[in-house]
Amino acid sequence: MKSTKLFGSLVLVTAISGCATGNMPTNEIAEAKIHISTAEADKSEQFAAQHLTTAKEHLGKAQTAVDKSEFNKARRFAEKATADAKLASAQARSESTKQKLYELNATLIQLKQTIDQDS
Amino acid sequence: MNKSLIALGIATAVVSGCATTEMPKPLAEVEDQYQAMSRNDLVNRHATVPLRAAGDSVSEAKTAWQEGNETDMEHQVYLAQKMLGVAKYEVDIAKMEAQFENADMVRAGLVLQDKNSELAQNQQELKMLKKELEKMGSKQNADTNVLTLGDVLFAFDDHELQPGAKPTVKKLADFLSAHENTKAVIEGYTDSLGSEAYNLELSKKRARSIQNVLINSGVASDRISVKGYGESNPVASNDTLAGRQHNRRVEVVLLGKNEAYESPTVASMN
């Protein structure tokens, strides 16, 4: 009786410590959060919604994994979130540059038309 | 005998198993993409950081694969794919930025072309106007954008316009009406007879007379300003009658849309 209890608790301890692999990925999660805010500042909600959503999902999964003490899993999700956020930023910057270029070209065409009319 | 044959079979299976195990498709693909992009000049120049990150992930993915760690391999492949995506966008951005610089030049070129054609056209008309004014008795100087209205417009020591001056001033009014973007600064000058203060006042009054006629002809008042320079900046010697006659004059400086008025430098003919 006594020994079974002891054995049971031993199994439990092993199970918990077994799951708690590696260290808590504090830096990776912090990095992911920073890159997600950067992506948001780069207007990725408007221009790169898909990648931003994926980044946030991966960050959420990383936090869930942390709660379960699955640190290696958490680290991978956090790293994925960072990569997604960087991609969202780059796409958003690219799209907004494209838009500005389009507007600039429209202005130039207008300017040229005005000049052609004048002369 | 039989046993060793089986062992050989197993060994062969193991060896050939290793040899024929090809790199997983996603890893092979991402490596190919990475290799292709790392040979691209633009990528190397504008996307150094994501390219390097992708390369690191590809290496780590290969190590993980060789170690049989599928989870890490897939993870690194994912990261490499995203970083190559970032690199592509960085190159796109750099290309577009080059177009921005190009657009700036195009714009500058268009503005210059506009200014040139406007100036060229105006200068032609101004030349003709100056010729006509010269015929009407007002000697012109070399500056294209300065019209000189001679002293024939005013009686001696008077700032009221003579009746005969009307056609001359009308030429000016017509020109200003035809060129809405042009502004005029009317400068009055006298000869050196009389006191300086008196001449300053007289020159200003004469310039104002012209201004009034122009405004009455329908030219907006904010397009015409008035300066009195008295006996300064003579165009001829004040020692002779003919010289003094040249010095008694009104000069009209015509300014384009974006041109600023510069006061005449005091000539050293005094």
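Every heavy atom of this structure was used, including side-chain atoms; hydrogens, water molecules and symmetry mates were not. So that the names make sense, note that chain A is the first sequence line, chain B the second, and so on, each numbered from 1.
- Distance check, rounded to the nearest 0.5 Å: CG of L79(B) to NZ of K86(A) gives 9.0 Å.
- Proximity to chain A (any heavy atom under 4.5 Å) is restricted, for M83(B), to the side chain, taken from C-beta onward.
- More than 12 heavy atoms of other shown residues, nucleotides or ligands fall within 6.0 angstrom of atom CE in M23(B).
- Taking the six-membered ring for Trp and the full ring otherwise, Y89(B) and H51(A) have centroids separated by 6.0 Å or more.
- For a residue to count as touching a neighbouring chain, one of its non-hydrogen atoms must lie under 4.5 Å from one of that chain's; by this rule L108(A) touches chain B with backbone and side chain alike.
- Around OH of Y102(A), the count of heavy atoms belonging to other residues, nucleotides or ligands within 6.0 Å does not exceed 12.
- With a threshold of 4.5 angstrom between heavy atoms, S96(A) does not approach chain B through any atom at all.
- Between atom NZ of residue K80(A) and atom NZ of residue K82(B) there is a gap of 10.0 Å, rounded to the nearest 0.5 Å.
- Nearest heavy-atom pair, I93(B) versus A90(A), reported as atom, atom and distance to 0.1 Å: CD1-O, 3.8 Å.
- Separating the NZ atom in K98(A) from the CD atom in Q99(B) is a distance of 11.0 Å, to the nearest 0.5 Å.
- With values rounded to the nearest 0.5 angstrom, Q91(A) atom CD is found 12.0 Å from K88(B) atom NZ.
- Annotation: maximal heavy-atom pairing with chain B below 4.5 Å, among L101(A), T97(A), L87(A), occurs at L101(A).
- Nearest heavy-atom pair across E90(B) and R93(A) is OE2-NH2, 2.9 Å.
- No more than 12 heavy atoms of other residues, nucleotides or ligands lie within 6.0 Å of CD in Q50(A), so this atom counts as exposed by the packing criterion.
- Counting non-hydrogen atoms of other residues, nucleotides and ligands closer than 6.0 Å to CD of Q35(B) gives a total above 12.
- Of the listed residues A88(A), A83(A), S94(A), the one with more heavy-atom pairs under 4.5 angstrom with chain B than any other is S94(A).
- Contact annotation: the side chain of Y78(B) never approaches that of E79(A) to less than 4.5 Å [non-hydrogen atoms, C-beta and beyond].
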